[in-house]
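What follows is a single structure, written as structure tokens, with notes after it.
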Protein chains: 2
Amino acid sequence: MSANEEPNGECYCPEFHRAIEVIGKRWSGPILQSMLGGLTRFSDIRDNVPGLSDRLLSERLKSFEELGVVERCTATRDIHYHLTDLGKQVEPVFDAVEVWAIQLSKVAPLPD
Amino acid sequence: MSANEEPNGECYCPEFHRAIEVIGKRWSGPILQSMLGGLTRFSDIRDNVPGLSDRLLSERLKSFEELGVVERCTATRDIHYHLTDLGKQVEPVFDAVEVWAIQLSKVAPLPD
DNA sequence: TCACATTGCTTACCTTACGTAAGCTGCTTA
DNA sequence: TAAGCAGCTTACGTAAGGTAAGCAATGTGA
């Protein structure tokens, strides 16, 4: 969809669909945001995201690794998880989400 | 996190978390993208998104309406769903996702 | 006008994903 | 050497999603 907007269909893109399912899957956002914020250790990420369990963090990190978004690093004795270049490239997405999150909270404020 | 990066915690934000769960919930992305592409009718959106069922589309549209992202319009006999201003403001997010989707597909291509 | 199709839903049922809790191995510190 | 933490895995119940059918209201065609 560019200049000559027609309200037709065919605005579906499987690559987009997959990407937003990866980013938007439950807990994926806060996990990746924690890692963009500099956290690399399992327990640091878990402790930074309220409600996130070991099980889900483990599951997400594994699938991120399989996708090439995160790299599991066992060079030192401590295990570290690092964002790959691909992983770091989600930052603009999250910046845009932050902007929208503020708008959303104006219209539909969070409880508390 | 800005210039003076410290790999500390406290990069968790509940507004961000909520926003990315709304956008990233299953099917939400493709539904909103279809609507940004100009589709307003239930069956047009459903037919544009492969795999999306009536049940889920109905459920998502209802929750979008409750959040103020979508407006249900019954002025004419045909029912139309329109993005509100808030809804239209997700566009920058989706633009950023599209860019990342291309990067992701280079590293982890989709099957077929 | 009477059968048939379409739109925008809802309901019922089963499967997959997630929440919760416990446990377990390897290493460290007291 | 007992206790503790980090990074997992396993087991089990609940919630979300997939699949399919149905259904009232309107349109359409013969």
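As the structure is a computational prediction, the values presented were derived from the model and not from experiment. Lettering of chains follows the sequences in order, A, B, ..., and the numbering in each one begins at 1.
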Walk me through it: do D54(B) and R46(B) pass the test side chain to side chain contact (heavy atoms under 4.5 Å, CB included)? CA-CA 7 Å; D54(B) 289 5; R46(B) 182 196 55 206; 2.8 Å; yes

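Summarising the geometry, the separation between CZ on R26(B) and P on dA15(D) is reported as 18 Å, rounded to the nearest angstrom. Rounded to an integer number of Å, the gap from F42(B) CZ to dT10(C) C1' is 10 Å. In this structure, CG of D54(A) is placed 13 Å from P of dG19(C), rounded to the nearest angstrom. Atom NZ in K62(A) sits about 15 Å away from atom C1' in dA17(C), given to the nearest Å. Protein atom CZ of R60(A) is 17 Å distant from nucleotide atom C1' of dG7(D), rounded to whole Å. If you take CG of L52(B) and C1' of dG17(D), they are 12 Å apart, rounded to a whole angstrom. Following rounding to the nearest Å, L56(A) (CG) and dG7(D) (P) show an atom-to-atom distance of 17 Å. Rounded to whole angstrom, the span from the CG atom of D47(B) across to the P atom of dT7(C) amounts to 7 Å.
Picking from dT7(C), dG19(C), dG7(D) the nucleotide with the shortest atom distance to the side chain of W27(A) gives dG19(C). The listed nucleotides are dG8(C), dG19(C), dG17(D); the one nearest the side chain of R72(B) is dG8(C). Comparing dC18(C), dG7(D), dG8(C) against the side chain of I79(A) picks out dG7(D) as the nearest.
With salt bridges taken as basic N to acidic carboxylate O contacts below 4.0 Å, none links K25(B) and E21(B).
Both R46(B) and E59(B) sit near DNA chain C, but only R46(B) has its closest nucleotide nearer the 5' end.
Taking CD1 from I31(A) and CG from L39(A), the interatomic distance works out to 11.5 Å, rounded to the nearest 0.5 Å.
OP1 or OP2 of dG27(D) has at least one side-chain nitrogen or oxygen of R77(B) nearer than 4.0 Å. Listed pair S58(B) / dG8(C) fails the phosphate criterion, with no side-chain N or O lying under 4.0 Å from OP1 or OP2. Applying the 4.0 Å criterion to OP1 and OP2 of dA17(C), one finds that K25(A) has every side-chain N and O outside that range.
At least one side-chain heavy atom of H17(B) sits under 4.5 Å from a side-chain heavy atom of W27(A).
Residue-level contact check: S53(B) touches the bases, meaning some heavy atom is under 4.0 Å from a base atom.
R55(A) contributes no side-chain N or O that forms a donor-acceptor pair with the base of dT10(D) under 3.5 Å.
Side-chain N/O atoms of Q33(A) and E91(A) include no donor and acceptor closer than 3.5 Å.
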